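Owing to the predicted nature of the structure, the values given are computational and were not obtained by experimental measurement. Heavy atoms only: backbone and side chains are in, while hydrogens, waters and symmetry mates are out. A, B, ... follow the sequence lines: proteins, then strands. Residue 1 opens every chain.
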Amino acid sequence: MAGEKRKAEAMDDPNLEASLDSAADSDTHDIDEATAASTPVAPIPAAVAGGKATKKFGKLAKKKKSSVRLTSPTASDEDEEGGRIAIEQEGKAGNSGARDDEEEEDHSEVELARQQTIDPDRMQAILASFTSEQMSRYECYRRSGFQRANMRRLLQSVAGCPISIPMTIVMSGIAKMFVGELVELGRIVMTERKESGPIRPRHVREAYRRLKLEGKVPSRSRQPLFH
Amino acid sequence: MMYGFGDDPDPIPETVMLMEDILIDYITDMIHKSQDVASRRGKLSTEDIMFLVRKDARKFARVKELLAMNEELKRARKAFEIDEEKFVNEE
């Protein structure tokens with residue numbers, strides 16, 4: 001999965017791609033194992049904070065999601081970013097709460113989904129401040145994806161009915177995010193147990209168990225046969 | 001992909017295999033659940049998936065973003081083809 005399924009996503013923001021290419025060209029790709037192990041990636045607290053705030057404001061969820069994603073690649077000014085983003089979210093929550101009650105129709109949701117809270121200038125500034133290791137990791141994060149043909153084959157064999165192209169796109173996106181959740185939670189588990197190095201299967205299993213408890217993993221619940 | 005999300009540049013093969021197994025289970029369960037949700041029509045649509053992830057704010061927003069991007073790309077491709085046709089006809 002690390003090497004084989006990496007594929008350029010067609011959905012990348014073109015501006016970002018351009019800046020990424022120029023930045024990636026100038027960097028050398030020597031990855032320091034020690035720094036890779038020591039950079040703590042803990043976006044889940046920020047994500048959970050964002051998630052809790054968004055429970056009431058469903059429409060706002062889209063805006064918060066794109067701002068929360070900012071926290072995952074960066075490691076150096078993480079706390080600062082997390083703090084600023086938290087304040088940003090609270091401000092938005094206050095403003096749009098009243099409007100949310102009126103706009104229940106979906107035609108406005110497409111508009112909201114298009115609004116990006118990621119300021120491109122800010123993004124450029126953040127990208128410029130990346131170390132080469134961070135940059136290669138971010139590039140990998142952006143460019144990796146699932147092969148559409150494989151996903152389509154899997155979906156069709158599971159569903160038994162023909163699968164449309166948007167469906168494969170959506171499922172690939174969701175699957176990638178699920179991988180992200182598992183890996184990030186695995187890292188958190190590792191730091192809790194004070195281990196370092198590559199993620200081991202037991203961390204992934206623990207992360208999976210925790211996600212199950214949270215209810216983020218769909219499990220086909222069977223009714224108990226006898227009450 | 002795992003490196004992009006925070007793992008080592010060289011993930012352990014067992015971890016990768018485990019991740020793959022978990023993912024296949026996840027996708028399978030999602031499809032089964034959405035088939036339960038999808039009413040009389042036999043086909044699955046993106047609406048069913050969106051209904052399933054409605055609780056998860058990040059995934060829901062990402063799905064919307066991907067679908068919107070897809071529409072934009074389709075429109076752009078269509079416009080590009082129309083322009084090409086016009087160009088060819090002008091010659």
Not counting sequence neighbours, which residues clear salt bridge (Lys or Arg N to Asp or Glu O under 4.0 Å) with B/E14? List them please.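 Here no residue qualifies.
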So do B/I22 and A/V204 actually touch side chain to side chain, heavy atoms under 4.5 Å?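 A side-chain contact exists here, since the closest heavy-atom pair is under 4.5 Å.
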Heavy atoms, side chains only, cut-off 4.5 Å: are B/I27 and A/F146 in contact?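 No, their side chains stay 4.5 Å or more apart.
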Check whether A/R137 reaches the backbone of B/D7 with its side chain - one donor and one acceptor, N or O, closer than 3.5 Å.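 Looks like yes, one N/O pair under 3.5 Å.
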Using modelled atom types and a 3.5 Å cut-off, is there a donor and acceptor pairing between side-chain atoms of B/T15 and backbone atoms of A/I199?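 Yes, the answer is positive, given that a donor and an acceptor are paired below the 3.5 Å cut-off.
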For [X], is it the side chain, the backbone, both, or neither that has a heavy atom closer than 4.5 Å to a heavy atom of chain B?
X	value
A/M171	side chain
A/F178	both
A/M190	neither
A/L154	side chain

Under the side chain to side chain contact (heavy atoms under 4.5 Å, CB included) rule, what do B/R62 and A/I174 come out as? Steps first, then yes or no, please. CA-CA 8 Å; B/R62 177 67 177 161; A/I174 292 181; over 6 Å; no
Closest non-hydrogen atom pair, [X] against [Y]:
X	Y	answer
B/L66	A/G173	CD1-CA, 3.8 Å
B/L18	A/P201	CD2-O, 3.5 Å
B/G6	A/V183	N-CG1, 4.0 Å
B/R58	A/E184	NH2-OE1, 4.2 Å
A/S144	B/M1	OG-CG, 3.5 Å

Rounded distance (nearest 0.5 Å) linking atom CE of B/M2 with atom CG of A/L182: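 CG of A/L182 is found 8.5 Å from CE of B/M2.
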Atom CG of A/L155 and atom CE of B/M30: how far apart are they, to the nearest 0.5 Å?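 CE of B/M30 is found 11.0 Å from CG of A/L155.
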Quick one: sort the B/F5 and A/Y141 rings into parallel, tilted or perpendicular, breaks at 30° and 60°.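 Answer is perpendicular, since the angle exceeds 60°.
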Set of side chain to side chain donor-acceptor pair (under 3.5 Å) partners for B/R54, sequence neighbours left out: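 Partners of B/R54 under the side chain to side chain donor-acceptor pair (under 3.5 Å) test: none.
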Does B/D8 pair with A/R187 as a salt bridge, N-O distance under 4.0 Å?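 A salt bridge is present here (some side-chain N lies under 4.0 Å from a carboxylate O).
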Pick from B/I12, B/T46, B/L52, B/D25 with the largest number of heavy-atom pairs that fall under 4.5 Å of chain A: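 Option with the top pair count is B/I12.
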Side chain, backbone, both or neither: which part of B/L44 has an atom under 4.5 Å from a heavy atom of chain A?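 Both backbone and side chain.
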